[in-house]
Enquirer: 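Pasting a structure below so you can have a look.
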Amino acid sequence: MIFNRLSYRASFAFVVSLGATYSAHAAEAERYQRVSQPREVVQKQNKQKKVSAVAAQTKQSSALEEVIVRSNRRTQQAVNTPASVVVLTGKTLQTTGVRDALSLARDIPGLMAESTSGSTNPRYRLRGIGTNDFSANMTTAVGVSEDEVFLDSGASQGTPIYDLDHVEVFRGPQGTLQGKNTTAGMVSYYTKKPTNTLDGYVRGTAGNYGLWGEEGAIGGPIIKDKLMARFAIVNRRMDGQYYNGTHKNPTGGYQYYDMRGQILAKPVDNLSILIKAHLGRNRTEVPIDHVGLLEGGTDAQGYAQTSRRNIQNNGRTDATTRRAGLSVNARYEFENGWSLSNIFALEWNHFNVFSDDDASPAAVDYQENIGGVARVLSNEVRVASPQNKKIRYIGGVYYLRNMTQSSSQQPLYSPTDFGVNGNASSFNINTQDAAVFSALSFDLTRRLTLDIGGRFTSETRSANGEAWAYNTLASDPYYTGNRALTYINTNTGTFIDPATGQSLSGPPLKKTFNRDSEDASLKY
């Protein structure tokens with residue numbers, strides 16, 4: 001064995017020395033050739049060498065930009081993923097100025113983000129598929145997750161984008177591994193994790209219209225290889241590029257902050273436990289443009305907006321979202337290469353949206369307030385086989401419970417005397433999901449792979465609450481205590497048609513849905 005090593009080292013040294021000798025002779029011959037050749041020939045050769053060097057450097061740069069995706073529950077190169085996926089690294093997001101869901105949609109082909117309340121409550125669309133619902137209990141068509149935690153509540157999807165490792169956008173149905181509400185696709189955020197390397201950054205932003213912001217993060221080891229942590233925070237505000245002539249102040253601006261702390265513990269070999277907590281608030285002053293429906297751009301009350309930047313809303317147009325969450329991601333690697341993961345999460349959010357619906361300074365002011373509170377608990381247990389085998393498996397079980405309370409107040413929207421009195425509602429929507437899923441990958445040949453998967457979900461939804469008409473007080477339009485008619489009350493079984501006063505048979509208040517989804521793909 002020693003002789004073999006010495007022989008190998010001697011042979012390696014001989015090859016290196018021979019190569020060095022040859023390189024020296026080649027360099028001398030090249031120098032002599034350049035001297036003896038005409039100038040135009042030498043210039044042409046030098047140009048060709050520069051082009052080759054640039055090509056090699058470009059190839060190397062593209063190799064460095066390779067990104068690993070995880071939304072398919074496998075660690076896989078993006079170029080080798082059999083799906084329509086767009087991946088943006090954290091560095092790219094910083095360079096292009098992406099800070100929230102609305103600005104992310106600018107950089108992703110086929111992705112749209114709509115909102116009536118700024119970045120506080122976005123509604124994603126992928127390939128034109130989405131929803132116009134912005135209530136607290138809306139059901140999305142594009143799923144959103146952060147660090148493998150599904151954000152079931154729409155109000156929690158307006159998370160600020162900062163200190164991210166990367167974001168993945170999968171187009172097309174993702175029901176097998178991601179679950180319900182992913183008919184159009186999936187947007188997955190992955191934050192930067194604690195490591196053994198001490199690093200961090202501080203970044204400031206300043207601009208016109210009162211733009212000001214700070215962002216920073218720091219992370220590193222507490223006990224090397226055993227306990228690591230990372231903390232990140234962002235704070236940003238802008239006055240807005242519109243002016244409200246009625247209230248005499250700028251509008252269209254925002255102010256938000258968000259903070260995130262993570263602790264990664266490795267108490268024993270093969271076991272890692274990542275604990276993450278986050279807290280944030282986002283408030284946006286929404287500029288509501290007036291749309292004149294009559295000749296000259298006027299409305300029925302004779303008002304016409306004089307400038308796109310001069311808003312005359314006399315009601316409230318602000319939207320506020322508060323969000324907080326805690327998650328624990330535990331993973332154990334067995335000696336044979338199999339792994340077991342458990343992802344537990346608690347998410348909470350509260351949002352309020354005020355709207356001046358007539359978008360004018362008219363005395364008859366059509367306003368509304370829509371809000372809600374969502375509490376979501378989820379847990380996923382997942383097992384995965386080694387990824388370097390010809391046959392690979394991922395499977396598990398998933399549970400989610402969403403308890404959402406939604407409410408609305410509309411001072412002039414009474415179903416009995418519209419334009420005079422108000423309408424209000426308060427409903428509780430409870431959702432429970434239980435699912436089992438499996439996915440298999442077969443390498444049929446060295447280049448041909450078959451992926452198949454399936455998921456079965458059982459969902460139970462129930463509702464209870466009431467809706468009523470109330471007499472509006474001029475001093476406090478949003479006070480709903482002076483009731484005129486309660487036309488829905490699920491506790492008493494009251495269902496009345498407000499227009500006629502006749503009793504109705506109410507809808508079912510609880511229903512269970514059982515659905516399955518499958519997928520298959522061939523990759524060559």
Side-chain angles (χ1 to χ4, degrees), residues 102 112-123 125 130-136 138 209 238-254 283-320 351-372 406-425 467-480 482 484-485 487 498-499:
L102 301 181
M112 294 178 60
E114 302 172 329
S115 177
T116 56
S117 51
S119 61
T120 59
N121 191 14
R123 302 188 302 278
R125 289 178 179 269
T131 178
N132 285 325
D133 189 4
F134 52 87
S135 60
M138 74 169 181
Y209 301 109
M238 187 179 75
D239 293 336
Q241 53 187 328
Y242 300 89
Y243 183 77
N244 191 322
T246 302
H247 293 303
K248 308 297 182 184
N249 60 270
T251 187
Y254 56 83
R283 178 184 170 91
T284 301
E285 293 287 344
V286 183
I288 301 181
D289 241 352
H290 181 271
V291 179
L293 301 178
L294 303 178
E295 185 178 357
T298 63
D299 59 18
Q301 302 181 75
Y303 170 74
Q305 186 170 315
T306 58
S307 170
R308 287 296 304 274
R309 295 189 182 277
N310 189 359
I311 308 295
Q312 297 288 336
N313 307 146
N314 62 346
R316 292 182 62 177
T317 61
D318 56 282
T320 304
F351 86 100
N352 264 315
V353 178
F354 288 89
S355 175
D356 183 7
D357 290 352
D358 58 81
S360 78
V364 182
D365 189 14
Y366 288 91
Q367 300 183 49
E368 60 180 316
N369 172 27
I370 297 175
S406 64
S407 60
S408 68
Q409 301 164 305
Q410 300 153 325
L412 296 181
Y413 287 86
S414 172
T416 57
D417 50 356
F418 183 86
V420 178
N421 287 317
N423 182 65
S425 66
W468 65 97
Y470 68 92
N471 298 317
T472 302
L473 299 179
S475 59
D476 187 3
Y478 288 113
Y479 176 72
T480 63
N482 191 5
L485 173 66
Y487 57 92

Enquirer: Quick one: closest heavy-atom pair of Ala113 and Leu102, and the distance?
Expert: O-CD2, 3.5 Å
Enquirer: Evaluate the ring planes of Phe418 and Tyr366, with Trp represented by its six-membered ring, and classify them as parallel (under 30°), tilted (30 to 60°) or perpendicular (over 60°).
Expert: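 Because their plane-to-plane angle is under 30°, the rings of Phe418 and Tyr366 count as parallel.
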Enquirer: Roughly how far, to the nearest 0.5 Å, is CG of Asn421 from CG of Leu485?
Expert: 11.5 Å
Enquirer: Judged by atom type as modelled, is there a donor-acceptor pair below 3.5 Å linking the side chain of Thr284 to the main-chain atoms of Val286?
Expert: no
Enquirer: Rounded to the nearest 0.5 Å, what separates atom CZ in Phe354 from atom CG in Asn313?
Expert: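 So the gap between those two atoms works out to 14.5 Å.
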Enquirer: Between OG1 of Thr472 and OH of Tyr479, what distance do you get to the nearest 0.5 Å?
Expert: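 Thr472 atom OG1 to Tyr479 atom OH measures 12.0 Å (nearest 0.5 Å).
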Enquirer: Heavy atoms only: give me the nearest Thr480-Tyr470 pair and the separation to one decimal.
Expert: CG2-CE2, 3.6 Å
Enquirer: Please assess Asp289 against Tyr242 for the test side-chain hydrogen bond (donor to acceptor under 3.5 Å, both in side chains), listing each intermediate value before the final yes or no.
Expert: CA-CA 10 Å; Asp289 241 352; Tyr242 300 89; over 6 Å; no
Enquirer: Shortest non-hydrogen contact from Pro250 to Gly240?
Expert: CB-O, 4.4 Å
Enquirer: From Ile370 CD1 over to Ser406 OG, what is the distance, rounded to the nearest 0.5 angstrom?
Expert: 9.5 Å
Enquirer: For the OG atom of Ser408 and the CG atom of Asn423, what is their distance to the nearest 0.5 Å?
Expert: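 Reported value, rounded in 0.5 Å steps: 6.0 Å.
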Enquirer: Are the side chain of Gln312 and the backbone N or O of Pro361 linked by a donor-acceptor pair below 3.5 Å?
Expert: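 Absent.
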Enquirer: Are the side chain of Gln301 and the backbone of Ala362 linked by a donor-acceptor contact shorter than 3.5 Å?
Expert: no
Enquirer: Before you tell me yes or no, could you show the steps for Asp358 and Tyr303 under side-chain hydrogen bond (donor to acceptor under 3.5 Å, both in side chains), namely the whole-Å CA-CA distance, both residues' side-chain angles and the distance that decides it to 0.1 Å?
Expert: CA-CA 10 Å; Asp358 58 81; Tyr303 170 74; over 6 Å; no
Enquirer: Among Asp357, Ile288, Asn244, Ile311, which one satisfies side chain to side chain contact (heavy atoms under 4.5 Å, CB included) with Thr317?
Expert: Ile288
Enquirer: To check you understand the geometry: which heavy-atom pair defines the closest contact between Thr298 and Ala304, and what is its length?
Expert: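 That closest heavy-atom pairing would be CG2-CB, 3.8 Å.
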Enquirer: What pair of heavy atoms forms the shortest contact from Asn352 to Gly371, and how long is it?
Expert: OD1-CA, 3.6 Å
Enquirer: State, to 0.1 Å, how close Glu285 and Arg283 come at their nearest heavy-atom pair, and which atoms those are.
Expert: OE2-NH2, 3.1 Å
Enquirer: Any sub-3.5 Å donor-acceptor pair from Asp365's side-chain atoms to Asp356's backbone N or O?
Expert: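 Side chain of Asp365 to backbone of Asp356: no pair is present.
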Enquirer: Of the options Gln409, Gln367, Gln410, which is the one that meets Tyr478 in a side-chain hydrogen bond (donor to acceptor under 3.5 Å, both in side chains)?
Expert: Gln367
